[in-house]
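These notes are about the structure you will find just below.
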Amino acid sequence: MITKNEFLALYEKYMSGQCTDAEKQLLDTYRDEMQLADEAWDDEEVSEADVHARIWKKLSESRQKAVVIKPLKQTSYKWLWAAASLVAIALLAGLLFMPVKKDNTTGTIVKNTKTTILPGSNKAYLTLANGNKIVLDDAKNGQLAAEAGVKVSKAANGVVVYKFDRKPGEQAHEGVPRINTITTPRGGQYEVILGDGSSVKLNAASYIRFPEYFTGANREIELNGEAYFEVARDKAHPFIVKANGTQVQVFGTHFNINAYSDNDDITTTLLEGSVKMSKGTASVMLLPGQQGTVNQNGSSIKVQKADVEANMAWINGFFIFHDQSIVNIMKQVSRWYDVDVEYQDAQVQENEFGGTISKYKDIKELLDNIKFTGSIHYKIEGRRVIIMK
């Protein structure tokens, strides 16, 4: 492990591109962070002072031995430490602890029961226009399908590349390209390259519908859930995403759309280029770094500065929460870990949290980090997570 000053020095070295592989691994051991305001400490049995004492004990032990953790995946550290305060270091180190609970009858300390629910992974299935389904995560690299003018192949990096051989003059007699669907289940994510070269990264519990080939004036697809797009430039043929009554039109750009049916709002976050977001008679133009938000049941589109780091965290392998309710947090957790969530009372749903943590961990580690604040408790029954006071 490393001290605060050592971390800051390594961080500056990383940003200048001078870190060795070993130093990057040290940084990766400190990549999880979960912070709460002081008023969140309301557990009578575990005081903030007790927690800090345990944290500093762990820090002292960590300085006496070297720990190397292999990163689960490549990630960017540019937004891990906007301000490296002493409290942040302490709380961060606290995540290394296995939270414990007291047995009310004996007063002894016991560890939580071991329950392993692993995080999601790359998995999805492709439904061809003829109804045939291809499970993409089980498929071997190489060509997956070659029929009715469509060729689907799986590259060595796991990305599915979708190409169409049928020419417009060879399409079905009805003159309309047939529709295909790529779906990610809960606990899945996937990247697809469409026939025009556009890249679509699908988050968990999402799907896109698109034609076998793009024809006519526009390139149109349908989205439900969340996806990050890197659209191939073609000024003559705008790329249009339709999502739960909202339409986003682009010519070539990078953007993220969150349009889950169980969310109150639909959001479009623009990283590069420009997009036109529309619903009903309302429409706005977004610039890089802006976010458009519209209520599922409304038509007014609000434009504001985007929290790009939080909105793009899922792409980079993290959960980032900025003063979010436990309900919104657990929606993301439920989709990624494929679990159901139950709340024992309404009051616990009002708790808000903020922090950053890797999404490639056992769910119990994530929940323990929140429980560590003393604001909530939880138990796991099968694939059901019960949140309680």
Side-chain angles (χ1 to χ4, degrees), residues 30-59 80-83 85-104 107 109-115 117 119 262-264 307 309-310 313 318-337 339-359 361-381 383-389:
Y30 275 82
R31 72 182 184 178
D32 292 337
E33 175 187 358
M34 184 62 68
Q35 300 179 42
L36 283 176
D38 290 340
E39 58 266 22
W41 293 89
D42 58 4
D43 192 316
E44 296 181 356
E45 295 184 352
V46 183
S47 69
E48 185 173 6
D50 291 337
V51 171
H52 283 183
R54 289 165 56 196
I55 289 170
W56 286 114
K57 180 176 183 293
K58 185 67 176 180
L59 276 176
L80 276 180
W81 285 71
S85 66
L86 192 62
V87 174
I89 291 282
L91 288 173
L92 176 58
L95 298 185
L96 300 175
F97 281 84
M98 169 76 74
V100 295
K101 62 179 181 181
K102 290 185 178 181
D103 185 316
N104 293 329
I109 303 296
V110 295
K111 291 185 179 180
N112 286 330
T113 302
K114 178 67 175 179
T115 302
I117 296 179
D262 61 348
N263 284 351
D264 292 334
D307 187 344
E309 294 172 355
F318 290 89
F319 292 112
I320 295 183
F321 309 123
H322 290 162
D323 300 324
Q324 287 195 36
S325 70
I326 189 66
V327 174
N328 287 334
I329 289 174
M330 293 308 296
K331 279 184 181 179
Q332 298 179 53
V333 171
S334 172
R335 296 182 192 118
W336 182 239
Y337 287 91
V339 295
D340 296 318
V341 180
E342 177 185 319
Y343 300 91
Q344 282 200 342
D345 56 71
Q347 186 177 354
V348 73
Q349 299 181 44
E350 299 174 1
N351 289 331
E352 292 186 346
F353 300 83
T356 302
I357 189 167
S358 168
K359 69 177 189 178
K361 290 181 176 288
D362 184 315
I363 191 174
K364 191 172 179 296
E365 293 189 50
L366 183 150
L367 293 172
D368 279 344
N369 291 332
I370 302 177
K371 175 189 171 184
F372 189 69
T373 67
S375 298
I376 68 164
H377 293 80
Y378 75 92
K379 61 181 177 180
I380 298 176
E381 297 179 353
R383 299 200 72 85
R384 182 170 57 131
V385 177
I386 302 171
I387 304 296
M388 50 198 162
K389 294 176 62 176

Report yes if the side chains of [X] and [Y] come closer than 4.5 Å at any heavy-atom pair, otherwise no.
X      : Y      : answer
Trp336 : Ile363 : no
Ser358 : Phe319 : no
Gln324 : Gln332 : yes
Leu367 : Ile380 : yes
Ile117 : Val339 : yes
Phe318 : Glu309 : no

Interatomic distance, [X] atom [atom1] to [Y] atom [atom2] [nearest 0.5 angstrom]:
X      : Y      : atom1 : atom2 : value
Ile326 : Phe353 : CD1   : CZ    : 4.5 Å
Ile376 : Ile370 : CD1   : CD1   : 5.0 Å
Asp368 : Lys361 : CG    : NZ    : 11.0 Å

Ion pair check, Arg335 and Asp262, cut-off under 4.0 Å =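 Yes, this pair counts.
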Arg383 side chain vs Tyr337 backbone, donor-acceptor pair below 3.5 Å = yes
Check for a donor-acceptor pair, side chain of Asn351 on one end and backbone N or O of Ser325 on the other, with a separation under 3.5 Å.
-> no
Set of residues satisfying side-chain contact (heavy atoms from CB on, under 4.5 Å) with respect to Asp340, sequence neighbours excluded = Arg186
Residue list, salt bridge (charged side-chain N to carboxylate O under 4.0 Å, His left out) with Asp264, at least two apart or on another chain |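 With neighbours one apart ignored, the set is empty.
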Residues at least two apart in sequence or cross-chain that pass salt bridge (charged side-chain N to carboxylate O under 4.0 Å, His left out) with Arg384, listed by chain then number, are Glu342, Glu381
Taking every non-hydrogen atom, the tightest pair across Ser334 and Val341 =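 Distance-wise, the nearest heavy atoms are CB-CG2, 4.0 Å.
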Donor-acceptor pairs under 3.5 angstrom involving side-chain atoms of residues 343-350: please list them, not counting sequence neighbours.
residue, atom, partner, partner atom, Å
Asp345, OD1, Gln347, N, 3.2
Asp345, OD1, Val348, N, 2.9
Gln347, OE1, Lys389, NZ, 3.0

Salt bridge (charged side-chain N to carboxylate O under 4.0 Å, His left out) partners of residues 324-333, not counting sequence neighbours, each pair once |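 As it turns out, there is no salt bridge (charged side-chain N to carboxylate O under 4.0 Å, His left out) pair with a partner in residues 324-333 once direct neighbours are skipped.
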